[in-house]
2 protein chains.
Amino acid sequence: MSERVVPEDSRQRRRPTKQGAVLSEQLIVETALRLVAQHGADALSVRRLGAALGADPSALYRYFRNTDALLLAIADELIGRAQDGWRATGDWRTDLRSMGLRIHAIYVAHPQAAVLGAYRTTGRPHETRAVERILGILRSAGFPDALAVRIYHAFVDQALAFAAQDAAAKALPPAAREGDEQVWQSVYGRLSPDTHPNIAATFPLLAADMRDSGYPFALDLTLGAAAALLSQEAPRA
Amino acid sequence: MSERVVPEDSRQRRRPTKQGAVLSEQLIVETALRLVAQHGADALSVRRLGAALGADPSALYRYFRNTDALLLAIADELIGRAQDGWRATGDWRTDLRSMGLRIHAIYVAHPQAAVLGAYRTTGRPHETRAVERILGILRSAGFPDALAVRIYHAFVDQALAFAAQDAAAKALPPAAREGDEQVWQSVYGRLSPDTHPNIAATFPLLAADMRDSGYPFALDLTLGAAAALLSQEAPRA
DNA sequence: GTTTACACGTCAATGGTGTTGACGTAAGGT
DNA sequence: ACCTTACGTCAACACCATTGACGTGTAAAC
């Protein structure tokens with residue numbers, strides 16, 4: 001067996017499957033995303049994907065070395081979609097903020113797929129384009145390279161980590177998700193001020209705040225701290 | 001079958017397994033954590049856990065309804081361990097920092113338990129204790145309640161999100177993990193300065209920085225921003 | 001001390017998973 | 001029109017979580 005995967009570029013012989021489908025990397029990725037969107041992350045198996053494509057499951061191995069390679073392709077597709085139509089304004093803080101919120105939004109919009117790929121390094125074109133852009137924003141804002149890199153790292157990991165977390169919560173089976181939300185009322189709402197004074201004192205605020213994602217505020221904190229570092233570097237722009 | 005799980009409290013008949021082990025909820029959780037610690041991410045399966053305990057795999061279903069219940073029990077144990085021995089110094093920034101790093105560290109040390117448990121709200125005692133403590137640190141530092149709650153939210157979600165992300169990366173099958181690390185050399189190291197000037201210019205810094213978790217720096221940025229907000233609130237302490 | 005009930009460990013089976021080697025056919029280059 | 005070989009298919013392997021049936025050892029009841 002060894003090398004059964006042919007790079008997408010140099011593919012010439014596309015033979016229709018028994019059921020008439022003509023396979024391609026793109027078609028497989030799109031079908032996988034659709035499968036996940038409709039039937040949840042658990043629905044993504046080689047066998048089911050093969051069935052959805054109208055092909056033998058093992059045909060996928062002509063396009064991806066293994067399921068991990070397929071996963072990376074899916075993850076990269078999401079990164080690409082997050083950037084589609086994004087435009088720089090020239091103000092670094094505005095640009096980073098919109099980029100972060102976009103990444104977060106697209107992952108949360110595809111919860112099941114996000115859970116699978118949010119913590120991977122794909123090295124694929126969409127990903128490298130995003131890295132290049134974010135680094136560019138920071139460097140042209142005046143951050144020296146060493147600092148730009150550290151902030152890039154914190155920024156990207158923060159965006160992906162929150163995205164994955166919020167996506168995961170959204171992708172939970174309905175029963176489990178409702179259970180987790182109930183806990184705020186049934187447990188935290190009933191803790192005694194004697195044993196848990198701080199929770200009791202802030203409970204209404206807490207219950208309200210925890211309903212939404214903590215990301216936007218966390219992002220603003222990070223950007224604020226970065227701005228402070230920048231003004232230390234170049235006290236006068 | 002239906003209800004084969006008996007609550008741990010009301011258990012009376014403990015029959016030794018063929019290999020002489022006497023099972024208990026506690027023993028199973030501890031063995032699972034040991035299995036993960038010693039043999040890595042892939043080692044945690046019902047079959048292998050059964051083998052490690054010296055029992056038939058299906059015996060576990062007398063103690064946990066399914067593997068998800070088992071993993072939640074493990075996650076709860078982790079929250080407890082993260083706080084074991086933690087002491088407040090009285091300096092809010094130091095205390096939050098050590099709490100965040102502890103949470104992160106304990107989750108990363110037990111990757112797949114973290115992946116499944118980091119985005120759940122359990123409402124169990126270990127969890128409420130942690131919430132109470134963190135809120136207490138912020139409120140006694142002088143943050144007004146509304147702000148304390150928002151910062152609490154950002155802080156906790158960030159700690160858990162990064163923890164889950166780094167844990168997930170660590171829980172990857174060795175092949176995939178090495179692949180992801182290799183990508184920095186094989187892809188990002190070879191991008192042309194023409195198409196990717198910012199990556200090319202900072203590559204050595206980038207490759208070095210991305211090897212470690214972005215959390216400690218992200219945490220410091222967040223705490224720095226919080227400190228700035230505090231000094232706005234109470235310009236003079 | 002003996003009997004009895006049933007908790008719980010074991011066995012076997014089900015239906016799922018990713019992955020691979022062998023094989024034949026049809027597509028493309030010549 | 002012929003060859004080569006890419007690629008879709010088939011069958012098999014080894015693993016996974018989960019469950020119903022079964023019998024035995026334990027602990028309570030007498």
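These numbers come from the heavy atoms of this one structure, side chains and all, not from hydrogens, waters or symmetry mates. Quick note on labels: first sequence line is chain A, next is B, and so on, each numbered from 1.
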Open item on the list: Heavy atoms from C-beta onward define the side chain here; which of C/dG18, D/dC16, D/dG8 lies closest to that of A/Ser45?
Closed with: C/dG18
- [ ] Could you state the atom-to-atom distance from CG of B/Leu23 to C1' of D/dG25 in whole Å?
- [x] 15 Å
Open item on the list: Please determine whether a side-chain nitrogen or oxygen atom of B/Ser58 lies at a distance below 4.0 Å from atom OP1 or OP2 of C/dG9.
Closed with: no
Open item on the list: Measure CG/A/Leu71 against P/C/dT17 and give the value in whole Å, please.
Closed with: 16 Å
TODO: Check the distance between D/dT19's C1' and B/Asp56's CG and give it to me in whole angstrom.
DONE: 12 Å
Task: Side-chain N or O of B/Lys18 closer than 4.0 Å to phosphate OP1/OP2 of C/dC11 - done: yes
TODO: Assign each of A/Ala59 and B/Val46 to its nearest nucleotide of DNA chain D by heavy atoms, then name whichever residue's nucleotide is nearer the 5' end.
DONE: A/Ala59
TODO: Can you tell me the distance, in whole Å, between the CG atom of B/Asn66 and the C1' atom of C/dG16?
DONE: 16 Å
TODO: May I ask you to decide if B/Ile79's main-chain N or O and B/Glu127's side chain share a donor-acceptor pair within less than 3.5 Å?
DONE: no
TODO: Find the distance B/Leu44:CG to D/dC16:P and express it as a whole number of Å.
DONE: 11 Å
Task: Expected output: side-chain B/Gln158 to main-chain B/Ala154 donor-acceptor under 3.5 Å - done: no
Open item on the list: Using OP1 and OP2 only, check whether a side-chain N or O of A/Thr67 sits under 4.0 Å from C/dG18.
Closed with: no
TODO: Classify the side chain of B/Arg62 versus the base of C/dA7 as yes if they form a donor-acceptor pair under 3.5 Å and no if they do not.
DONE: no
TODO: Would you classify A/Tyr63 as touching base, sugar-phosphate or nothing, given that sugar-phosphate means primed atoms plus P, OP1 and OP2, and contacts are heavy atoms under 4.0 Å?
DONE: sugar-phosphate
Task: Electrostatic pair B/Glu77:B/Arg81 at N-O distance under 4.0 angstrom - done: yes
Open item on the list: So, under a plain 3.5 Å distance rule, would you say the side chain of B/Thr17 forms a donor-acceptor pair with the base of C/dC8?
Closed with: no
- [ ] Assess whether one donor atom and one acceptor atom, taken from the side chain of A/Arg47 and the base of C/dG18, lie less than 3.5 Å apart.
- [x] yes
Task: Length of the CZ-C1' vector between A/Phe64 and D/dC7, whole Å - done: 15 Å
- [ ] Assign A/Ala55 to base, sugar-phosphate, or nothing according to its heavy-atom contacts below 4.0 angstrom with the strands shown.
- [x] sugar-phosphate
Open item on the list: Checking side-chain polar atoms at under 3.5 Å, does A/Gln83 have a donor or acceptor matched by the opposite partner on A/Arg133?
Closed with: yes
Task: Closest-nucleotide 5' rank along DNA chain C - winner of A/Pro16 and B/Gly54 - done: B/Gly54
TODO: Assess the side chains of B/Asp76 and B/His126: does a donor N or O sit below 3.5 Å from an acceptor N or O?
DONE: no
- [ ] Provide, to the nearest angstrom, the distance between the CZ atom belonging to B/Arg15 and the C1' atom belonging to D/dC22.
- [x] 11 Å
- [ ] Using atom CG of A/Leu60 as one end and atom P of D/dG8 as the other, report the distance to the nearest whole Å.
- [x] 9 Å
